[in-house]
Amino acid sequence: MPYFDAASAAPLHPVARQALLAALDEGWADPARLYREGRRARLLLDAAREASAEAVGCRPDELAFTPSGTRALHDGIAGALAGRRRAGRHLVVSAVEHSAVLHSGDALEAEGGSVTRVPVDRSGRVDPAGYAAALRPDTALAALQSANHEVGTEQPVAEVAEACREAGVPLLVDAAQSLGWGPVAPGWSLLTASAHKWGGPAGVGLLAVRKGVRFAARGPVDERESGRAPGFPDLPAVVAAAASLRAVRAEAAEEAARLRALVDRIRARVPELIPDVEIVGDPVRRLPHLVTFSCLYVDGETLLHALDREGFSVSSGSSCTSSTLEPSHVLRAMGVLSEGNVRVSLPRGASSEDVEAFLGVLPGVVASVRERLGAPSDAAPSAGGTAEELVLDSLGKRCPIPVIELAKVIGDVPVGGVVTVLSDDEAARLDIPAWCEMRSQEYLGERPAERGVAYQVRRRA
């Protein structure tokens, strides 16, 4: 069964498995103890730290192992904010950061601090100048991912890091998705990553803090991991994480070129095979193994279940929000179509045959879902009725039903007429404007209604 969700968790790398089994026998003792077993465990821990630091591009004593990538983000942000409390309580982030970063921002605001969320363009990329403009004299910390978890767009880390340096603001980079593919651009002050994203075991995160960066760990601390991750380390998992990171980086150039070609095939073929599809994310400055697309008139969760029955494991929207009824914060920030969203992230070793098989079943699956939902055909709208304005009540109906109903009634008004869609579904805020762009209709905007929101569309074609 082809597994196409490596961005959520990559399959365990063979080197990680070997290292994990070996460390279970050799690294079970407390590395803080001075007896023989403790010294052996300490040697393994030191070697893992040196290998990880080399991949990150920092000194070994600047790197700590945490229980997860999320924990690394939470602790990194909290520690940097506490260390620079005198500078201020302002945090700058991009609008498409991992939910762990955004949740940290929410916590800061709840405590009286402030957060600026820098917008992105339709490809999901921040403008370096816009990011620099968000920095203020009271900014304590800035955060920017190296590449987006959901659409794969790479961020201008080097340019933003230079702007932060000039402003005297430390920059935290979330490198969870990119670290296995290569080093992060220089200039960062703090960096986080997560082992299960590159084929290491779950439960190991990395937190690197450059020397000279003001940092005050929050909560009770002890002598382990420089006080940044208290408690007994999962040494076998740490050893396996470091070993697999070194292994995947050695394979990265060749595998990235191979997977990029497969992703390029998906990006090119999906719009050819399926009508009304939007490929989202930057077409060039992106991770090599990831592609995201949205299908009009399709419910993403239904599509995922249908693909699962066909033997393909993919995800829809952000892995952190796919179980909710709202579109992901990433797609919302980009302003792109959210319905029928599919993220394909190929694991190392994914074959051309698996990709072709996926492309072979996808059109039929999408067509079947659209048929069950009663989606309109590709036929052009009728000449139109006599009513210059039509109100469509879609209250209580969820994505993609409001857009399907809009497509069915747009022909009931003449060219120049207006359809007002009443909807209380948050996805409509993205999907109705996206539908207008895809169908050459004019989106007039939204206004509050007695219940929900009124979205207005003028027929142009």
Side-chain angles (χ1 to χ4, degrees), residues 56 58 62-118 120 126 131 134-149 155 157 160-161 163-165 167-179 184 187-195 197 204-221 225-231 318 320-321 329-330 333:
V56 168
C58 67
E62 294 175 329
L63 186 141
F65 295 107
T66 66
S68 68
T70 295
R71 187 77 260 168
L73 283 170
H74 286 169
D75 290 349
I77 292 172
L81 290 173
R84 284 178 44 84
R85 191 179 182 91
R86 287 187 178 182
R89 305 195 65 201
H90 177 236
L91 172 68
V92 177
V93 302
S94 83
V96 294
E97 293 299 311
H98 189 276
S99 58
V101 173
L102 302 183
H103 292 161
S104 291
D106 294 341
L108 175 63
E109 288 179 319
E111 296 171 355
S114 61
V115 180
T116 297
R117 299 166 180 86
V118 181
V120 297
V126 300
Y131 199 102
L135 301 174
R136 308 187 320 211
D138 65 335
T139 302
L141 178 68
L144 181 66
Q145 60 197 193
S146 55
N148 186 258
H149 296 250
Q155 298 293 353
V157 171
V160 170
C164 289
R165 185 193 65 78
V169 175
L171 175 66
L172 181 148
V173 173
D174 169 17
Q177 287 294 344
S178 71
L179 192 62
V184 176
W188 52 267
S189 301
L190 302 96
L191 182 143
T192 65
S194 186
K197 301 291 188 181
V204 179
L206 303 183
L207 171 58
V209 182
R210 295 284 195 195
K211 292 295 182 183
V213 174
R214 292 187 176 276
F215 190 92
R218 310 305 294 158
V221 300
E225 296 302 305
S226 303
R228 293 171 187 158
S318 170
C320 302
T321 60
H329 69 279
V330 173

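What you see is a predicted model; the values in this text were computed from it and never measured.
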Do Glu62 and Val209 pass the side chain to side chain contact (heavy atoms under 4.5 Å, CB included) test, and can you show the C-alpha distance, the side-chain angles, and the key distance before you say yes or no? CA-CA 5 Å; Glu62 294 175 329; Val209 182; 5.8 Å; no
Just so I know, are the side chains of [X] and [Y] near enough to count as touching, which here means a heavy-atom distance under 4.5 Å?
{"X": "Phe215", "Y": "Leu207", "result": "yes"}
{"X": "Val92", "Y": "Leu135", "result": "yes"}
{"X": "Trp188", "Y": "Val56", "result": "yes"}
{"X": "Leu191", "Y": "Val184", "result": "yes"}

Without swapping roles, check the side chain of [X] against the backbone of [Y] for a donor-acceptor pair under 3.5 Å.
{"X": "Gln155", "Y": "Asn148", "value": "no"}
{"X": "Arg89", "Y": "Glu111", "value": "yes"}
{"X": "Asp75", "Y": "Ala217", "value": "no"}
{"X": "Arg84", "Y": "Ala140", "value": "yes"}

[X] versus [Y], closest heavy-atom pair with distance:
{"X": "Thr70", "Y": "His98", "result": "OG1-CE1, 4.3 Å"}
{"X": "His74", "Y": "Ser104", "result": "CD2-OG, 3.2 Å"}
{"X": "Glu97", "Y": "Leu144", "result": "OE2-CA, 3.3 Å"}
{"X": "Ile77", "Y": "Leu141", "result": "CA-CD2, 3.9 Å"}
{"X": "Thr66", "Y": "Leu206", "result": "OG1-N, 4.0 Å"}
{"X": "Tyr131", "Y": "Ala142", "result": "OH-CB, 3.4 Å"}

To the nearest 0.5 Å, how far apart are [atom1] in [X] and [atom2] in [Y]?
{"X": "Arg228", "Y": "Phe65", "atom1": "CZ", "atom2": "CZ", "answer": "13.0 Å"}
{"X": "Thr192", "Y": "Arg71", "atom1": "OG1", "atom2": "CZ", "answer": "12.5 Å"}
{"X": "Ser94", "Y": "Arg117", "atom1": "OG", "atom2": "CZ", "answer": "11.0 Å"}

Without placing hydrogens or testing angles, list every side-chain donor-acceptor pair under 3.5 Å for residues 169-178, not counting sequence neighbours.
residue: Asp174; atom: OD1; partner: Ala176; partner atom: N; Å: 3.1
residue: Asp174; atom: OD2; partner: His149; partner atom: NE2; Å: 2.9
residue: Gln177; atom: NE2; partner: Ala7; partner atom: O; Å: 2.8
residue: Gln177; atom: NE2; partner: His149; partner atom: ND1; Å: 3.3
residue: Ser178; atom: OG; partner: Ser146; partner atom: OG; Å: 2.6

Does the side chain to side chain contact (heavy atoms under 4.5 Å, CB included) test come out yes or no for Cys58 and Arg210, once each step is laid out? CA-CA 7 Å; Cys58 67; Arg210 295 284 195 195; 3.6 Å; yes
Might you work through the side chain to side chain contact (heavy atoms under 4.5 Å, CB included) test for Leu108 and Leu81, ending with a clear yes or no? CA-CA 9 Å; Leu108 175 63; Leu81 290 173; 4.0 Å; yes
Have Ser99 and His329 got a donor and an acceptor in their side chains that come within less than 3.5 Å? no
Consider only side-chain N and O atoms of Arg136 and Ser114, and report whether a donor and an acceptor are under 3.5 Å apart. yes
Might you work through the side chain to side chain contact (heavy atoms under 4.5 Å, CB included) test for Val118 and Val120, ending with a clear yes or no? CA-CA 7 Å; Val118 181; Val120 297; over 6 Å; no
Ala216 meets the side chain to side chain contact (heavy atoms under 4.5 Å, CB included) criterion, sequence neighbours left out, with Ala82
